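Reading through the structure tokens given below for one structure.
Everything quoted here is computed from the prediction, not taken from an experiment. Every number for a ligand or one of its atoms is a count from 1 in the order of the listing. Values below: every heavy atom of this structure, side chains too, minus hydrogens, waters and symmetry copies.
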Amino acid sequence: MKNAVLSKLFNQMADVMEILGEDRFRISTYRKVARIIADIPDDIETLLATGQLAKIPGIGKSSLAKIEEFVKAGTITAHRQLLTKIPTTLLELLTIPGMGPKGVKAVYEKLKVTSIAELKGVIEAGSLAALPGFGDKKASAIAKGIKFLETSTGRIRLDQALEAADMVSEFLQELSGIKKIQTAGSLRRCAETIGDVDILVAAAKGKQVIQAFTDAQFVQEVLAAGPTKGSAIIQTATSPVHVDVRVVSGKSFGAAAQYFTGSKQHNVHLREIAVKNKLKLNEYGLFKGDEMIAGRVEEEIYQKLGLDYIQPLLREDRGEIEAAKTHSLPELIQPKDIKGDLHVHTNASDGNCDISEIAWAAKQAGYKYICITDHSKSSAIANGLSAKRLAEQIKTIRKLNEQLKGLTILAGTEVDILADSSLDFDNKLLAELDFVIAAIHSGLAGSREKVTTRTLKAMDNPYVNCIAHPTGRLIGQREPMDIDMAAVIKHAVQTHTALEVNANPWRLDLKDNHCRMAIEAQVMLVIGTDAHSTAGLGLMGFGVATAARGWATKANVLNTRSAAKIKTWTKSKRP
Ligand code: DGT
Ligand code: CA
Ligand code: CA
């Protein structure tokens with residue numbers, strides 16, 4: 001699919017235009033088109049060929065022409081022309097966390113900086129801090145951003161890893177002699193970032209399978225190719241990904257799946273237990289002397305070690321082996337337990353579709369309810385709603401509900417927590433809503449005391465039901481706020497406020513460890529997708545996996561309950 005590459009080109013045009021100081025309206029149009037394209041689940045070429053693309057709102061005539069050009073010629077003239085107007089090294093400055101197009105424009109124009117090396121130079125010389133609009137704090141934040149970039153290990157997000165795994169698995173499936181395919185490693189455990197993708201195959205002719213894999217069209221570079229293992233960098237639509245493929249025998253498939261799923265710490269602990277029982281455990285099986293006593297399926301390995309089966313999501317050696325021994329593993333939440341999505345945007349703020357469209361998609365997904373939570377007025381870039389617009393939206397939602405069957409639309413908001421800790425809407429308006437999410441969208445670099453106080457104060461409000469993405473991190477792009485999570489968790493319990501597990505793979509916020517802390521303190525969690533399109537609703541699984549990695553059960557998550565029960569829950573906080 002060309003969607004991702006195309007989306008990137010539109011974003012890049014917007015970046016360059018912003019650096020050049022061109023028309024704001026056009027820039028935001030390009031960004032919107034980039035987002036629409038990235039969110040479309042169908043192949044853009046097909047949509048173009050069938051004429052459906054022209055009907056998608058937000059894609060105008062000139063964007064359509066550019067998309068057509070790209071599909072035909074593989075490039076866009078306007079994109080190429082824009083790139084000639086700036087030194088291309090400027091684009092790498094945009095990858096520095098904390099450095100947006102405006103910052104790049106400023107350092108380029110005022111300090112003649114065109115590369116990361118030169119930027120480091122002006123930071124050291126103090127001239128960046130002296131630049132109007134920057135100052136010491138911002139300059140040191142950018143220095144940290146550069147360091148972050150330089151030390152980042154090339155780990156990728158879950159969605160990127162999944163895309164690569166799907167590509168390779170689909171390819172392998174078509175080969176002859178393949179009996180089983182299983183994703184292993186950190187991807188199977190749904191860790192928040194992935195170093196490399198591990199795929200196991202049960203097949204007799206290992207060498208042929210590896211050969212076919214390393215010869216595949218999507219392979220960019222072969223790192224190793226042997227009789228049972230191949231390593232390669234493959235090119236997905238969005239990024240290069242390191243993939244390891246291992247071929248094992250059916251007899252050892254369970255043992256290999258167990259071994260290569262890891263984590264390493266979990267395996268080390270498991271092997272200690274084996275040794276204590278005078279057994280030997282490796283990727284080929286569980287052995288008593290020379291006799292193999294388990295190995296075909298994973299379950300029997302755990303069973304023969306005297307343990308309950310441990311789901312991959314828990315295999316981090318964080319107490320799961322002890323719990324398996326005493327039959328006290330939690331019954332983990334599953335995707336099918338989720339009854340609705342409580343964090344959804346529409347085109348009233350920065351989403352792509354209207355209330356009916358997203359409600360219809362939610363119903364198709366089997367949900368019982370959905371809560372519309374558009375941004376509030378201070379989030380101006382996201383076209384946040386004024387009090388008046390929100391009041392109108394509430395009316396629209398109530399009316400739509402009269403016509404709908406099988407799905408309840410809840411009226412909500414994602415209200416900004418302002419710099420002074422107050423909220424962007426008054427209580428009278430909030431009282432009209434079914435569910436209120438509060439979130440910090442500005443001043444994320446503030447001091448620990450400041451960001452923590454803002455969050456705690458928001459929770460004190462009797463109408464605030466949930467804090468969205470509590471740390472504000474964007475994986476690989478923006479560090480989390482320096483927030484006192486223990487204090488946030490304690491206060492959430494005291495104030496009867498839920499904490500969100502944002503399911504977007506860029507966020508996963510709360511992260512697994514924080515979920516675990518929250519659950520132990522008996523905080524209620526909400527898993528929300530933060531969808532900005534119908535496709536965005538599909539991210540729920542990443543959030544469910546993250547909560548489960550924090551040992552969440554169905555009872556720990558509010559949106560496993562009915563809409564009526566959620567209303568009872570929110571009412572109990574209100575005066
Ligand atoms: P990653 O790729 O860094 O996100 O993390 P993993 O967990 O996928 O690690 P990877 O790809 O290096 O290895 C896959 C699995 O193989 C790992 O989770 C456990 C197993 N493994 C690798 N090296 C060792 C080792 O030295 N000892 C043991 N017991 N297991 C290992
Ligand atoms: Ca791996
Ligand atoms: Ca690996």
Exercise. Does atom 9 (O) of ligand 1 have a protein heavy-atom neighbour under 4.0 Å away?
Worked result: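 Given the 4.0 Å cut-off, atom 9 (O) of ligand 1 does not count as touching protein heavy atoms.
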For this session: Scan the protein's non-hydrogen atoms and note whether one is under 4.0 Å from atom 22 (C) of ligand 1.
Result: no
Seminar exercise, completed: For the Ca ion (ligand 3), the nearest N/O/S atom on Asp198 is atom OD1
Closest non-hydrogen protein atom to [atom], residue and atom name please, with distance?
| atom | result |
| --- | --- |
| atom 17 (C) of ligand 1 | Gly262 CA, 3.9 Å |
| atom 12 (O) of ligand 1 | Asp196 OD1, 4.8 Å |
| atom 26 (O) of ligand 1 | Lys264 CE, 3.3 Å |
| atom 15 (C) of ligand 1 | Phe260 O, 3.2 Å |
| atom 7 (O) of ligand 1 | Arg189 NH1, 2.9 Å |
| atom 29 (N) of ligand 1 | Arg271 NH2, 2.8 Å |
| atom 4 (O) of ligand 1 | Ser186 OG, 2.5 Å |
| atom 20 (C) of ligand 1 | Tyr259 O, 3.3 Å |

For this session: Flag Gly195 as yes when one of its N or O atoms lies below 3.5 Å from any N or O atom of ligand 1, and as no otherwise.
Result: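 Yes, since at least one N or O of Gly195 sits under 3.5 Å from an N or O of ligand 1.
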Exercise. Can you find an N/O atom of Ser263 closer than 3.5 Å to an N/O atom of ligand 1?
Worked result: no
[Y] backbone acceptor or donor facing [X] side chain under 3.5 Å:
| X | Y | result |
| --- | --- | --- |
| Arg188 | Pro312 | no |
| Arg516 | Arg318 | yes |
| Ser252 | Tyr284 | yes |
| Lys339 | Thr560 | yes |

Only heavy atoms of [X], strictly under 4.0 Å: list the atoms of ligand 1 that pass.
| X | value |
| --- | --- |
| Asp198 | 8 (O), 11 (O), 14 (C) |
| Arg155 | 1 (P), 3 (O), 4 (O) |
| Ile194 | 4 (O) |
| Gly185 | 8 (O) |
| Thr261 | 18 (O) |

Exercise. Between His375 and Ala382, what is the shortest heavy-atom contact and its length?
Worked result: CD2-CB, 3.5 Å
Exercise. So, for Gly472 and Asp509, which heavy atoms are closest and what is the spacing to 0.1 Å?
Worked result: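 Looking at all heavy atoms of both residues, the closest pair is N-OD2, 2.8 Å.
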Exercise. Would you say the ring centroid of His441 lies under 6.0 angstrom from that of His469?
Worked result: yes
For this session: Decide if the gap between the ring center of Phe218 and the ring center of Phe171 is smaller than 6.0 angstrom.
Result: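 Yes; Phe171 has its ring centre under 6.0 Å from that of Phe218.
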Exercise. Do the numbers put Arg31 on top of the ring of Phe10, so that NZ or CZ is under 6.0 Å from the six-membered ring centre and no more than 45° off the axis?
Worked result: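 The answer is no, since Arg31 fails at least one limit relative to Phe10.
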For this session: Before accepting this row, confirm whether a basic side-chain N of the pair Arg246/Glu283 lies closer than 4.0 Å to the acidic partner's carboxylate O.
Result: no
Problem set entry | At the Ca ion (ligand 3): angle between Asp244 atom OD2 and Asp196 atom OD1, to 10 degrees |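 It is 110°, given to the nearest 10°.
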For this session: Could you check if a side-chain atom of His532 sits within less than 4.5 angstrom of a side-chain atom of Asn352, using non-hydrogen atoms only?
Result: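 No. Closest side-chain heavy atoms not under 4.5 Å.
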Problem set entry | Stepwise side chain to side chain donor-acceptor pair (under 3.5 Å) check, Glu320 with His266 | CA-CA 9 Å; Glu320 74 279 6; His266 175 91; 2.8 Å; yes
